[in-house]
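Input: a single structure, listed below in structure tokens.
Quantities reported herein were computed from a predicted structural model and do not represent experimental measurements. Position 1 is the first residue of the sequence; numbering continues from there.
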Amino acid sequence: MNPVAVSLIVPLRGSDPELEPSLRSLLEQDYPDYEILLITDEAEDPAAAIIGRLLADSSRHASRSIRHIVAGPAQRGGQKNYNLLAGVRAAEPSRALLVFCDGGHWMPPDWLGKLVTPLIEGRAEVSTGYHDMLVPPGNTASAAQALCVLFLKALQHVPALAQPWGGSMAMTRNFYRRVHLEEYWSRQIVDDVSLARLLKSAGTRVHYVSAAMVKTPGGSTSWSDFPAWLYRQLFFLKIYFPLTWAAGGAIGYAAALGLVACLVAGVMKTPAYLAGPAIFTVLGAGLRRGHPSPGTWGAWLAGGWMALGAACISHARTLFSRQLTWRGIAYRVSRQGEVYRLPEA
């Protein structure tokens, strides 16, 4: 298989301890021909210092083209989408494949090659990988998020349910042009879930590459971070797939109420009523076996129970909401996913 030139586009905003090793893992890909474009909306963004160090070290990676692109503030749509589009415009036009990923994930050296293989072989126009959330020992919030991610990862194996994930997705430049993705993304709040709706309307499926897995260290390490993350996921689902959002909410509420009823009845009458909670616990333990770094047993099981409650609360919060604050920017979102930026407080 002959390599096809790739533009690797990475939108960034802010910084955390995992960002630098994550970006350095992009430099270590064993794919022979790719450029890296790191995009911030401000030249003074906290990520700029890390980008500067990477550029200074770029002489050790002479075969890699690395550039820092300053996109400026978004005029329409979400800031992340605006940064992505700035990256595409800055990319070398001759490169036939566009790959998008987020900072903060660890990419194994063969990640890029595996992600783009279906595109090179002509088996798909859009491909996606996914991630595993690594759980710090004893952290229940991180375990709750990891369990949610693991559930979503399982759905990726069903072709009709697979969706692109912005942390690891690729497409041909021809597809990008054919569906007018620049115009579409410029109006939308988010990249991957909006793309999933566009793919559905076009009758195109994303190709899930289970081998193109990345690792996400930490995740939500507090019970203020996890509900905010969960709210975003459910908010996006409500905007772009309202029927799925409604059905998922109904199932979640029913499961939570059923488990609570079993617990109350078990305490008041007979242990037989504890069968439901016991099955839920066993399912959580079974999922743990498929996770590469699940943390401690206690945190994992407690996180599973707390995740169900948090999901119901977060879903209820999205019922009448059209506003989202993401990466420090407040947006109001229409039913079509189009947004405008709210004034800063």
Side-chain angles (χ1 to χ4, degrees), residues 3 5-74 78-92 95 97-116 129 131-134 136 142 165-170 191-192 212-222 225 229 293 326-329:
V6 169
S7 293
L8 178 53
I9 297 164
V10 191
L12 301 170
R13 196 168 207 266
S15 183
D16 61 62
E18 306 300 337
L19 182 58
E20 185 160 354
S22 164
L23 296 180
R24 290 192 181 277
S25 74
L26 296 177
L27 289 169
E28 304 296 337
Q29 295 300 302
D30 56 20
Y31 195 80
D33 189 1
Y34 68 101
E35 64 172 349
I36 302 174
L37 299 103
L38 307 173
I39 304 96
T40 59
D41 51 308
E42 297 179 350
E44 297 79 18
D45 188 275
I50 295 173
I51 295 172
R53 289 196 291 272
L54 293 177
L55 293 173
D57 293 345
S58 61
S59 59
R60 296 192 296 109
H61 302 273
S63 61
R64 306 281 184 258
S65 169
I66 312 170
R67 285 183 282 160
H68 178 197
I69 309 299
V70 179
Q79 186 64 52
K80 180 183 180 182
N81 284 15
Y82 193 78
N83 288 10
L84 289 173
L85 296 175
V88 174
R89 288 191 293 268
E92 294 180 8
R95 295 181 176 270
L97 302 181
L98 302 172
V99 173
F100 305 95
C101 70
D102 297 331
H105 309 293
W106 296 343
M107 281 67 171
D110 60 353
W111 162 75
L112 182 57
K114 289 180 176 177
L115 183 64
V116 300
H131 66 138
D132 287 309
M133 188 76 65
L134 307 184
S142 185
W165 175 61
S168 172
M169 65 183 182
D191 54 335
D192 47 11
M213 291 294 296
V214 305
K215 291 180 170 56
T216 305
S220 299
T221 55
S222 76
D225 293 338
W229 173 84
S293 179
W326 189 15
R327 292 280 185 174
I329 302 174

Atom [atom1] of [X] and atom [atom2] of [Y]: how far apart are they, to the nearest 0.5 Å?
X	Y	atom1	atom2	value
S25	E18	OG	CD	11.0 Å
N83	D191	CG	CG	10.5 Å
D45	R13	CG	CZ	6.5 Å
L98	I9	CG	CD1	5.0 Å
L115	D110	CG	CG	11.0 Å
L85	K80	CG	NZ	12.0 Å

Tell me whether [X] contacts the main-chain N or O of [Y] through its side chain, where contact means a donor paired with an acceptor under 3.5 Å.
X	Y	value
D192	W165	no
E28	P109	no
D41	G72	no
S22	H105	yes
Q29	L112	yes
E42	A71	no
R67	A90	yes

Around R89, counting heavy atoms of other residues, nucleotides and ligands shown, do more than 12 lie under 6.0 Å from its CZ? yes
Which is it for D102 and T216 under the side chain to side chain contact (heavy atoms under 4.5 Å, CB included) test, yes or no, and what are the steps along the way? CA-CA 10 Å; D102 297 331; T216 305; over 6 Å; no
If you compare all heavy atoms of [X] against all heavy atoms of [Y], which two are closest, and at what distance to 0.1 Å?
X	Y	value
G87	L37	O-CD2, 3.9 Å
A43	A48	O-CB, 3.3 Å
A170	V99	CB-CG2, 3.7 Å
I39	A86	CG2-CB, 4.3 Å

Would you say [X] and [Y] make side-chain contact, with heavy atoms under 4.5 Å?
X	Y	value
I50	L38	no
C101	L8	yes
V88	F100	yes
R53	R24	yes
W111	L26	yes

Excluding sequence neighbours, so at least two apart, what forms side chain to side chain donor-acceptor pair (under 3.5 Å) with E92?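 Testing E92 for side chain to side chain donor-acceptor pair (under 3.5 Å), a comparison that skips the adjacent residues, returns R95.
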What verdict does the side chain to side chain contact (heavy atoms under 4.5 Å, CB included) test give for L23 and L12, after you've listed the backbone C-alpha separation in whole Å, the side-chain angles of each residue and the deciding distance to 0.1 Å? CA-CA 10 Å; L23 296 180; L12 301 170; 4.1 Å; yes
